[in-house]
Amino acid sequence: MARVSQAHLDARRRQILDGAAVCFARNGFHATSMQDVLKEVDLSAGAVYRYFSGKDELIAAIVGEVLGQVRASFEEAARLGPPPMPDILVSAVLGNVLAARESLTVDGRPAFPRLVVQVRTETLRNEELSAVLSEGYGAVREAWGRIVEAYQAAGMMRADVDPDDVARTMIASVLGFIAQQSLFGPVPVEVLRDGLRALMSVSEPKPEV
């Protein structure tokens, strides 16, 4: 029997993850069965179960992959001296995440924003997924904290600011932007970049003479 290459195995795993993501974004986790996933990816049960034991493992893999990509991007930025400005950094990382999944659509609209909203809802009942999400967000917060420390070391940000406060705020801005895309339709990531840039330009009003 011919040996299956690693490239083939990786491509098959990618096919399953992308198909499952579309199914979950389309109908939600509860209304999606493994049969729906099998139909979406056009594979046998044996082919899919070789990689994933069921829906919960698929969900955890999708979430872990996205958060891993985000964490790696911020960690790389933290090693720069100094990192890019927040508006550039956040929009670049989010743009890369969205671009990697732009081919996944539901009814002609990007599936990823809808999937993010579905994940947040699912964590309310799925303790395993909640743990995966908490660990992933914790790692992203730590990476952002190191970025803030790099800003502070370079004199770009006040030294009395708690890095974790900034990390939570930046994560909130990204999640809010993605949620808006799910609710109101696609918006270029440059909107987030320009909005952050505008907020960063705010200064105290000059006192009246």
Side-chain angles (χ1 to χ4, degrees), residues 1-75 93-141 143 171 174-175 177-187 189:
M1 180 179 296
R3 184 176 181 179
V4 178
S5 68
Q6 187 60 48
H8 174 82
L9 294 173
D10 292 343
R12 180 58 55 83
R13 187 176 188 276
R14 174 84 273 140
Q15 177 185 357
I16 296 168
L17 285 175
D18 288 348
V22 169
C23 285
F24 294 146
R26 180 189 297 126
N27 297 320
F29 297 115
H30 292 295
T32 298
S33 67
M34 283 301 291
Q35 288 299 319
D36 294 326
V37 175
L38 298 178
K39 182 178 179 180
E40 181 72 28
V41 300
D42 193 25
L43 293 173
S44 67
V48 172
Y49 285 113
R50 176 180 182 179
Y51 296 86
F52 303 100
S53 62
K55 285 200 304 181
D56 286 349
E57 192 170 327
L58 273 167
I59 296 166
I62 293 169
V63 171
E65 181 181 62
V66 172
L67 290 175
Q69 179 185 355
V70 173
R71 182 188 69 247
S73 296
F74 286 144
E75 286 178 343
V93 171
L94 180 58
N96 289 337
V97 170
L98 294 175
R101 295 156 181 83
E102 63 183 354
S103 64
L104 307 181
T105 60
V106 175
D107 298 329
R109 296 174 63 174
F112 181 70
R114 294 179 60 170
L115 181 63
V116 171
V117 174
Q118 294 283 1
V119 167
R120 295 303 305 167
T121 303
E122 180 66 8
T123 56
L124 298 177
R125 72 158 203 92
N126 188 325
E127 293 183 0
E128 181 179 348
L129 179 60
S130 180
V132 171
L133 201 61
S134 295
E135 181 180 356
Y137 278 136
V140 172
R141 278 171 51 200
I171 291 173
V174 171
L175 289 177
F177 183 78
I178 292 174
Q180 289 182 59
Q181 292 217 11
S182 174
L183 293 170
F184 309 121
V187 177
V189 73

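Everything numeric in this text was worked out from a predicted model, so none of it was measured. All residue numbers refer to positions in the sequence shown, counting from 1.
Legend: residues meeting side chain to side chain contact (heavy atoms under 4.5 Å, CB included) with A111, ordered by chain and number and at least two apart, are A25, L104, V106. Scanning for salt bridge (Lys or Arg N to Asp or Glu O under 4.0 Å) contacts around D36 gives an empty result, with sequence neighbours left out. Under the salt bridge (Lys or Arg N to Asp or Glu O under 4.0 Å) criterion, R14 pairs with D18, E65, not counting sequence neighbours.
From I171, atom CD1 reaches atom OH of Y137 across 7.5 Å, with rounding to the nearest 0.5 Å. Distance NZ/K39 to OG/S33: 10.0 Å, rounded to 0.5 Å. The OH atom of Y49 lies 11.0 Å from the CD1 atom of I16; values are rounded to the nearest 0.5 Å.
No side-chain heavy atom of Y51 sits less than 4.5 Å from a side-chain heavy atom of L43. Looking at heavy atoms from C-beta onward, I178 lies out of side-chain contact with V117 at the 4.5 angstrom threshold. Between M34 and L58, the closest side-chain pair of non-hydrogen atoms falls below 4.5 Å. In this structure the side chain of V132 never reaches within 4.5 angstrom of the side chain of I59, judged on heavy atoms. Side-chain contact between F112 and V97 is present, with heavy atoms from C-beta onward closer than 4.5 Å. Under the 4.5 Å side-chain criterion, counting only non-hydrogen atoms from C-beta, F52 is not in contact with V37.
Looking at every heavy atom in both residues, V187 comes nearest to F177 through O-CZ, 3.7 Å. When all heavy atoms are compared, the tightest approach of V41 to G19 is CG1-CA, 3.7 Å.
Sorted by first then second residue, the side-chain hydrogen bond (donor to acceptor under 3.5 Å, both in side chains) pairs that include residues 113-123, not counting sequence neighbours, are E122-R125. Residue pairs meeting the salt bridge (Lys or Arg N to Asp or Glu O under 4.0 Å) criterion with at least one partner in residues 48-61, sequence neighbours excluded, are absent. Sorted by first and then second residue, the side-chain hydrogen bond (donor to acceptor under 3.5 Å, both in side chains) pairs with a member in residues 99-109 read Q69-R101; sequence neighbours excluded.
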- Checking side chain to side chain contact (heavy atoms under 4.5 Å, CB included) for the pair F24/I62: CA distance, chi angles, key distance, verdict? CA-CA 11 Å; F24 294 146; I62 293 169; 4.1 Å; yes
- Pair V116-Q181, side chain to side chain contact (heavy atoms under 4.5 Å, CB included): steps then yes or no: CA-CA 10 Å; V116 171; Q181 292 217 11; over 6 Å; no
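Side-chain atoms of S134 come within 3.5 Å of backbone atoms of S130 as a donor-acceptor pair (strictly under, hydrogens ignored). Between the side chain of S73 and the backbone N or O of V93, no donor-acceptor pair lies under 3.5 Å.
Of the candidates R13, Q6, H8, Q6 is the only one forming a side chain to side chain donor-acceptor pair (under 3.5 Å) with D10.
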